[in-house]
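Down below is the structure, laid out as structure tokens.
Each chain gets a letter, A, B and so on, in the order the sequences are listed, and its residues count up from 1.
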Protein chains: 2
Amino acid sequence: MRTRDENKEETIRQKAIELFVKHGFDGLSMQKLAKEAGVSPATLYIYYKDRDDMIVQLWVWVMKKMVDTTLEGFDPGMSFEAGLKLQWQNRARFCMEYPMELHFMEQIKYSPYHEACSKKMDAKFINTMGEFVHNAIRRKEVVKVPVEVYWSVAFAPLYQLVKMHMSGRGLRDEKFVLDEKTINQTFKLVLKALKP
Amino acid sequence: MRTRDENKEETIRQKAIELFVKHGFDGLSMQKLAKEAGVSPATLYIYYKDRDDMIVQLWVWVMKKMVDTTLEGFDPGMSFEAGLKLQWQNRARFCMEYPMELHFMEQIKYSPYHEACSKKMDAKFINTMGEFVHNAIRRKEVVKVPVEVYWSVAFAPLYQLVKMHMSGRGLRDEKFVLDEKTINQTFKLVLKALKP
DNA sequence: TATAAGTGAACGAATATTCATTTATATTTG
DNA sequence: CAAATATAAATGAATATTCGTTCACTTATA
């Protein structure tokens with residue numbers, strides 16, 4: 001039997017995200033994507049059941065990449081400060097290395113695909129994160145708050161900075177570039193908020 | 001001459017956001033919207049130049065609503081703690097009262113429309129916010145950090161909580177409902193982070 | 001009566017998806 | 001070892017819809 005061209009598979013994914021980021025949901029049409037990736041439209045239907053399935057599978061792929069990057073060198077038993085710091089570094093690295101993938105994920109988050117995607121969320125990842133927080137709370141390294149409150153304070157500021165960085169400007173018209181110093185400065189504030 | 005039916009204008013806006021939130025960019029087609037709003041497709045082109053223009057104008061309208069709500073009772077000369085508290089209350093109220101409008105705005109934020117929209121951003125609003133922070137920094141009520149860092153720590157956690165509230169669940173599968181108590185709890189942490 | 005609001009049908013272009021065929025290769029056969 | 005075969009990958013053209021937009025026309029009112 002004929003073997004599947006793995007290279008082709010990767011090209012499709014890459015071009016799909018590229019099209020999506022550049023032209024949004026409207027721009028990601030099966031025919032345009034096929035042309036862009038140099039394959040027949042019919043080929044897409046070998047890889048994916050339909051357009052919706054393609055978008056969800058694309059999300060799963062990107063999510064895995066994100067989880068892998070985020071967990072690099074991480075252990076839920078780490079001390080709170082060290083663990084959170086590593087999380088920030090890993091997450092920031094992912095954002096900088098894969099801006100289009102991040103863009104794609106953020107756009108999915110508020111789209112009708114959000115529900116279908118979050119069902120495919122890696123449970124192990126969430127559990128690892130949860131374990132880390134609970135360890136820290138138990139050791140009294142972190143104020144005792146619901147996980148949602150913790151997560152909001154711990155990571156939302158970072159993603160907000162990344163958002164500004166990606167759009168190239170801050171709140172006003174001035175240019176904004178997220179550098180190591182700004183990350184550290186913000187991290188210190190977050191740490192202050194979460195320590196008992 | 002014949003007068004424009006203001007009621008019709010409002011129905012179109014309402015149905016447009018409804019369609020957009022329910023079915024995303026793909027779902028907001030001119031013909032579907034016309035049918036939904038009970039007007040001719042051609043009528044839409046009296047109100048808007050084309051589909052892109054409609055989406056941007058829709059955003060401008062929603063943004064104004066958001067700014068108005070956020071500024072209710074606010075004065076940039078307020079003390080930091082009182083001002084920030086009011087901001088949280090106003091913003092939370094907007095999110096709860098107009099969930100679809102918030103949904104719409106968030107989706108635009110990561111779409112190709114983001115740039116066109118942010119050009120129409122109300123400068124006065126941004127200036128008022130900026131003035132408030134700078135007053136607070138001058139009075140030494142807030143740590144001296146770039147506005148972007150301030151904004152990220154001050155508001156991103158709130159919007160993250162709202163996001164979870166709107167999706168109906170937190171990080172795990174458990175139900176999550178954002179209540180007054182959770183808001184206050186998070187607010188206290190943010191305040192701790194930002195105070196010198 | 002002048003004028004802008006509002007219409008419904010129509011346009012070509014683009015959409016998602018399918019299907020009868022062809023192509024490449026892993027495996028089996030002689 | 002080489003040739004035949006089986007099988008999944010890959011295709012390009014065609015499907016019926018739906019898309020955004022326009023235009024000749026009617027309607028309501030200042």
For B:Asp50 and B:Asp53: C-alpha separation, side-chain torsions, deciding distance, then whether side-chain contact (heavy atoms from CB on, under 4.5 Å) applies. CA-CA 5 Å; B:Asp50 52 28; B:Asp53 178 56; 3.4 Å; yes
Ion pair A:Glu141/A:Lys195, N-O distance below 4.0 Å: no
Describe the nucleic acid contact of A:Thr3 in one word from base, sugar-phosphate, nothing, applying a heavy-atom distance below 4.0 Å. sugar-phosphate
Can a side chain N or O of B:Arg51 be found less than 4.0 Å away from OP1 or OP2 on D:dG20? yes
Nearest heavy atom decides the nucleotide; on that basis, is A:Thr43 or B:Asp50 closer to the 5' end of DNA chain D? A:Thr43
Quickly work out the A:Glu9 CD to D:dA8 P distance and round it to whole Å. 17 Å
Would you kindly give the CG-to-C1' distance between B:Asp53 and D:dG20, to the nearest whole Å? 14 Å
Sugar-phosphate only, base, or nothing, as touched by A:Tyr48 at under 4.0 Å among non-hydrogen atoms: nothing
Leading and trailing nucleotides of DNA chain C with any atom under 4.0 Å from heavy atoms of chain B: C:dA2 to C:dG8
For atom CG of B:Leu44 and atom P of D:dC19, their distance in whole Å: 13 Å
Sorted by position of nearest nucleotide on DNA chain C, 5' first, the leading residue of B:Gln31 and B:Arg4 is B:Arg4
Indicate whether OP1 or OP2 belonging to D:dG12 is found under 4.0 Å from a side-chain N or O atom of A:Lys35. no
With the threshold set at 4.0 Å, does a side-chain nitrogen-carboxylate oxygen contact exist between B:Arg51 and A:Asp26? yes
Has the side chain of A:Ser29 got a donor or acceptor atom that lies under 3.5 Å from a matching backbone atom of A:Lys32? yes
Roughly how many Å is it from CZ in B:Arg2 to C1' in D:dT29, rounded to a whole number? 9 Å
Given atom CG of B:Asp5 and atom C1' of D:dT29, what is their separation to the nearest angstrom? 13 Å
Quick one: does any side-chain atom of A:Lys15 pair with a main-chain N or O of A:Leu33 as donor and acceptor, under 3.5 Å? no
Measure the CZ-CE distance between A:Phe155 and A:Met129 for me, rounded to the nearest 0.5 Å. 6.5 Å
Whichever of B:Gly27 and A:Ile46 has the more 5' nearest nucleotide on DNA chain D, that residue is A:Ile46
For D:dG20, does either OP1 or OP2 sit under 4.0 Å from a side-chain N or O belonging to B:Lys32? no
Have a look at B:Leu33 and say if it touches a base, only the backbone sugar-phosphate, or nothing, with a 4.0 Å heavy-atom cut-off. nothing
Report yes if a side-chain nitrogen or oxygen of B:Ser29 is closer than 4.0 Å to either non-bridging phosphate oxygen (OP1 or OP2) of D:dT18; otherwise report no. no
Atom NE2 of A:His23 and atom P of D:dG20 are separated, to the nearest Å, by 17 Å
Decide, yes or no, whether a salt bridge links A:Arg93 with A:Glu72 under the criterion of side-chain N to carboxylate O below 4.0 Å. yes
